[in-house]
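For reference, positions follow the sequence shown, starting with 1. We use all heavy atoms of the structure for the numbers below, so side chains are in, but hydrogens, waters and symmetry mates are not.
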Amino acid sequence: MEMTKRKHLSGARFLSFVLENESYCMDILKVKELMGMTEITMLPQTPEYIRGIINLRGQMIPIIDLRLKFGIPFKEYDKKTGIIIVDFEYEGSNMLLGIVVDSIHEVVSIPEDKISRIPYINAKIKMDYISGISNTQDGIKIILDVVKILNDEDFGILKNIDK
């Protein structure tokens with residue numbers, strides 16, 4: 001019994017979510033918090049996908065809409081829409097970023113040997129953003145590299161937002 005449990009929990013853990021009816025996931029170690037949609041204060045003169053900032057317990061968190069970043073048409077936010085707060089390092093500084101997704105699902109374990117690194121898939125997003133793909137019990141999961149989603153210009157804008 002214990003051996004079965006250990007085997008089920010082995011592998012890297014990822015948070016799964018949906019965008020435009022496709023299932024994606026990201027490394028759970030980058031996820032700081034999950035939340036429902038909240039009021040976003042817009043920022044002037046930023047790209048459309050940078051929706052603005054939210055105040056999370058006194059800290060200003062920039063928010064990007066992953067649909068818009070990936071060139072998927074905007075969808076009105078509803079009760080399923082979620083924000084994933086991620087924590088990552090850029091040029092030696094820790095940054096928090098909120099990512100708007102259509103819906104947040106669950107944490108899944110995917111063994112390293114079940115993650116394929118393929119040069120091309122027919123997805124709605126650039127291959128640069130994808131660190132792998134896995135065929136799980138729940139279907140195909142596209143694994144995103146959160147840091148690669150943003151370019152240097154994006155980081156420059158986000159870094160200048162007062163924390």
Return the CD1 to CD1 distance between I61 and I99, rounded to the nearest 0.5 Å.
12.0 Å
What I'd like to find out is whether the side chain of T136 reaches to under 4.5 Å of the side chain of K114, using heavy atoms alone.
no
Interatomic distance, S23 atom OG to D102 atom CG [nearest 0.5 angstrom]
11.5 Å
Looking at every heavy atom in both D65 and V100, which two are closest together, and how far apart are they?
CA-CB, 4.0 Å
May I ask you to test the F14-I115 pair for a side-chain heavy-atom distance under 4.5 Å?
yes
As an exercise, state the distance from CD1 of I28 to NZ of K30, rounded to the nearest 0.5 Å.
12.0 Å
So which atom in P62 and which in I53 form the shortest heavy-atom distance, rounded to 0.1 Å?
CA-CG2, 3.9 Å
Looking at every non-hydrogen atom in both residues, tell me the closest pair between I104 and M35 and how far apart they are.
CD1-O, 4.3 Å
Taken to the nearest 0.5 Å, the spacing of M37 CE from I63 CD1 works out to 7.5 Å
Under 4.5 Å between any side-chain heavy atoms of L66 and I149, yes or no?
yes
As a quick check of understanding, evaluate side-chain contact (heavy atoms from CB on, under 4.5 Å) for M60 and N55, giving each step before the final call.
CA-CA 5 Å; M60 296 298 123; N55 182 336; 3.3 Å; yes
Non-hydrogen side-chain atoms of M95 and D87 separated by less than 4.5 Å
no
Does the ring center of F74 lie less than 6.0 Å from the ring center of Y77?
yes
My understanding is that only residues two or more places apart in sequence, or in another chain, count here; which of them pass side-chain contact (heavy atoms from CB on, under 4.5 Å) with D78?
K75, K80, T81
For F70 and Y24, take the angle between the two ring planes, folded into 0 to 90°, and tell me which bin it lands in: parallel under 30, tilted 30 to 60, perpendicular over 60.
tilted
Donor-acceptor pair, side chain of S16 and main chain of C25, under 3.5 angstrom:
no
Are the side chains of I130 and D145 in touch, meaning some heavy atoms are under 4.5 Å apart?
no
Side-chain heavy-atom pair L34, L15 within 4.5 angstrom cut-off:
yes
Output for pair (I64 CD1, I40 CD1), nearest 0.5 Å, gives 11.0 Å
Could I get the full list of salt bridge (charged side-chain N to carboxylate O under 4.0 Å, His left out) partners for K69, not counting sequence neighbours?
D154
Using the rule that two of Ile, Leu, Val, Met, Phe, Trp, Tyr join whenever any of their side-chain heavy atoms come within less than 4.5 Å, decide whether V18 and I85 are in one cluster.
no
Sorted by first residue and then second, give each salt bridge (Lys or Arg N to Asp or Glu O under 4.0 Å) pair with at least one member in residues 39-64; sequence neighbours left out.
E33-R57
